[in-house]
There are 2 protein chains.
Amino acid sequence: MRVLRVGGAQMGPIQKADSRQAVVARMVKLLDQAKAQQCDLVVFPELALTTFFPRWYMPDQAEVDTWFEREMPNAATRPLFDKAAAYNIGMSFGYAELTPDGHHFNTSILVDRSGKIVGKYRKIHLPGHVEFDRKRTFQHLEKRYFEPGDLGFPVWRAMGGILGMCICNDRRWPETYRVMGLQGVELITLGYNTPAVNSQRDSEGPEQRLFHNRLSLQSGAYQNSTWVVAVAKCGTEDGHPMIAGSLIVNPDGEIVAEAKSEDDELIVADCDLDATIFGKETIFDFKRHRRIEHYGRITAQAGIVLPPEAT
Amino acid sequence: MRVLRVGGAQMGPIQKADSRQAVVARMVKLLDQAKAQQCDLVVFPELALTTFFPRWYMPDQAEVDTWFEREMPNAATRPLFDKAAAYNIGMSFGYAELTPDGHHFNTSILVDRSGKIVGKYRKIHLPGHVEFDRKRTFQHLEKRYFEPGDLGFPVWRAMGGILGMCICNDRRWPETYRVMGLQGVELITLGYNTPAVNSQRDSEGPEQRLFHNRLSLQSGAYQNSTWVVAVAKCGTEDGHPMIAGSLIVNPDGEIVAEAKSEDDELIVADCDLDATIFGKETIFDFKRHRRIEHYGRITAQAGIVLPPEAT
């Protein structure tokens with residue numbers, strides 16, 4: 001048994017007007033709860049420090065940049081790092097990263113029990129679009145404000161196991177889990193900000209969006225025999241509803257903890273990293289069963305290549 | 001709307017002593033039902049003509065070969081082909097294929113409305129093991145009796161759409177769906193013979209096995225925006241129980257038809273192939289969203305490569 005007690009720190013809405021200091025104070029409160037429940041690791045959502053700003057069209061780059069962090073930790077987040085280290089709790093959270101040389105990423109970090117950043121991931125599967133889209137009921141401008149991640153899908157030996165991260169829309173892509181699975185990942189953390197309605201299809205509401213969330217997380221966990229800890233920022237931000245439904249999924253693809261609210265809420269599960277072994281050694285023993293000679297299209301082509309028309 | 005009315009022709013158990021002629025008579029009865037319900041296409045299970053013989057250890061290759069078909073159609077299956085053509089119904093079914101040059105495959109074929117074989121697939125992800133394994137509560141010798149498929153995951157323009165096939169354990173591997181998805185697949189057919197218990201873990205019974213079946217099929221459909229028609233051979237064959245749970249899944253990953261019995265049973269759904277378009281053009285628009293530069297491990301390595309140990 002290698003048990004990590006993991007807290008999924010779901011966060012309710014963050015309005016545009018909310019300061020980072022106010023948000024960090026909420027995160028510290030969730031850390032307090034995690035300490036009381038003896039958590040080893042706490043997972044916060046994607047873009048945990050601000051509202052989900054890609055829903056807003058901003059032609060002025062200076063305004064866009066106000067949503068980004070130029071260093072981490074910084075003055076606003078220092079209390080979070082200090083508290084986590086004082087509690088001896090590891091953590092991961094997401095934020096918008098502006099690098100010294102001017103690159104913009106949707107980023108998450110892994111912080112060890114001492115408060116040291118030991119891993120960084122930059123979101124690869126950016127959803128949405130680049131230009132203002134009048135056909136949508138609301139905007140989703142991640143492709144405008146961020147560059148695709150340039151760090152691949154690394155894993156880290158940390159917290160006594162092999163940990164990986166991904167962010168939001170990454171969870172819908174089986175490639176995300178598989179690249180980490182091929183590095184022996186035992187626990188994947190991810191945060192998400194997912195609108196409760198589809199901006200391009202009115203009929204698709206929160207029930208279906210929650211179903212797709214569960215389906216993606218559970219299949220990724222099962223097919224790679226790994227724990228998955230998925231944490232929402234949810235509720236209604238400035239009139240825009242987002243799904244909740246934070247989950248912890250075991251290596252059999254089963255849900256072992258699930259959020260009940262659409263607000264700040266800590267879900268907790270004991271994740272035995274040794275529970276990943278059975279699947280990795282039997283039905284998903286990749287080395288015995290995978291046949292890479294037939295997978296070529298997966299890395300050779302991004303888009304669809306249709307079969308020839310009948311002649 | 002391009003609607004195919006598809007029948008999933010679940011089959012109850014086939015005992016070792018049952019003749020192919022008796023089995024084909026059952027398949028023809030299912031075709032009769034499909035005709036009465038105006039089906040366009042009928043999907044039969046994996047190894048539809050015989051018992052699931054890989055559960056039996058047979059040291060004598062001549063005995064093994066009695067379970068294989070040397071040509072298709074042959075005398076036993078000719079009535080099935082004739083009836084399907086007379087009904088103007090397309091079909092797919094699985095059988096053990098022995099080629100003229102002595103190769104053994106776990107195969108399925110796609111037959112058009114005229115009774116002509118227009119597609120062949122040979123199972124790539126063979127589960128189980130090669131040698132007798134005394135640690136298992138029963139044997140699963142697919143890796144002994146079959147070679148891995150050598151035809152890749154092709155798709156075919158047939159029945160007014162783009163169709164693909166896979167077989168049983170293939171459905172647990174996201175690579176299976178993705179390689180077909182990258183060719184624009186609109187409907188995937190598959191059959192399975194899945195033991196109701198895990199031969200290597202007593203605690204895993206039919207409920208969990210059915211859950212994994214649904215999870216694999218639904219995620220594969222959703223993540224590639226394709227219909228999936230999955231058909232069991234089920235019930236108890238010579239004392240060995242297999243799960244039922246045949247399903248038809250829509251391109252949103254939702255179950256639209258599900259078998260209720262563990263016996264011969266036709267499930268039917270109207271599959272609008274145009275319902276695949278929305279997903280393929282939005283959230284799963286592969287060309288806009290996939291980032292193949294970060295997927296290299298998927299085709300470069302079959303097994304796990306662990307990260308370096310901390311120094």
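Reckoned from all heavy atoms, side chains included, excluding hydrogens, waters and symmetry mates. Protein chains get the first letters and strands the later ones, always in sequence-line order, with residue 1 at the start of each.
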Heavy-atom distance under 4.5 Å to chain B: side chain of A:Arg288, backbone, both or neither?
both

Quick one: do A:Lys120 and A:Glu97 make a salt bridge, cutoff under 4.0 Å?
yes

For A:Asp252, is there an ion pair with B:Arg201 - N to carboxylate O distance below 4.0 angstrom?
yes

Among the options B:Ile283, B:Leu215, B:Val155, pick out the one with the most heavy-atom pairs lying under 4.5 Å from chain A.
B:Leu215

Name the option with the most non-hydrogen atom pairs under 4.5 Å to chain B; the candidates are A:Tyr177, A:Tyr222, A:Trp156.
A:Tyr222

So which heavy atom on A:Tyr121 is nearest to which on A:Cys166, and how close?
CE2-CA, 3.6 Å

Salt-bridge criterion met for A:Asp285 and A:Arg290 (N-O under 4.0 Å)
no

Can you tell which of B:Lys280, B:His212, B:Arg214, B:Glu293 has the highest number of heavy-atom pairs within less than 4.5 Å of chain A?
B:His212

Greatest number of non-hydrogen atom pairs under 4.5 angstrom with chain A, of B:Glu204, B:Gln218, B:Gln183, B:Arg291, falls to B:Gln183

If you count heavy-atom pairs under 4.5 Å between each of B:Val305, B:Ile298, B:Leu306 and chain A, which one has the most?
B:Ile298

Contacting region of A:Gln208 [heavy-atom separation from chain B under 4.5 Å]:
side chain

Most chain B-contacting option - heavy-atom pairs closer than 4.5 Å, from A:Pro308, A:Gly128, A:Gly149:
A:Pro308

Taking side chain as everything from C-beta outward and backbone as N, CA, C, O, which of these in A:Pro148 sits under 4.5 Å from a heavy atom of chain B? Side chain, backbone, both or neither.
side chain

Between B:Arg178 and A:Glu175, does the salt bridge (Lys or Arg N to Asp or Glu O under 4.0 Å) criterion hold? Intermediate values first, please.
CA-CA 9 Å; B:Arg178 186 61 101 224; A:Glu175 292 88 348; 2.6 Å; yes

Per-residue contact mode, A:Ile162 against chain B (heavy atom under 4.5 angstrom):
side chain

Contact origin within A:Pro154 toward chain B - heavy atom pairs under 4.5 Å:
neither

Who among B:Tyr295, B:Phe211, B:Phe286 has the most heavy-atom pairs with chain A under 4.5 Å?
B:Tyr295

Answer yes when A:Arg2 and A:Glu186 have at least one side-chain N-carboxylate O distance shorter than 4.0 Å, and no when they do not.
yes

Donor-acceptor pair, side chain of B:Thr194 and main chain of B:Ile243, under 3.5 angstrom
no

In terms of ring plane angle, is the pair B:Phe153 and A:His294 parallel, tilted or perpendicular, where the classes change at 30° and 60°?
perpendicular

Options A:His125, A:Lys287, A:Gln301, A:Gln200, ranked by heavy-atom pairs under 4.5 Å with chain B, top entry:
A:Gln301

If every non-hydrogen atom of B:Ala221 is compared with every non-hydrogen atom of B:Gly253, which pair is closest and at what distance?
CB-CA, 4.4 Å

Below 4.5 Å from any heavy atom of chain B, which atoms of A:Asn169 appear? Answer side chain, backbone, both or neither.
side chain

Is A:Lys123 paired with A:Glu142 through a side-chain N to carboxylate O contact shorter than 4.0 Å?
yes

Tell me, out of B:Gly181, B:Gly184, B:Pro127, who's got the most heavy-atom pairs with chain A below 4.5 Å.
B:Gly184

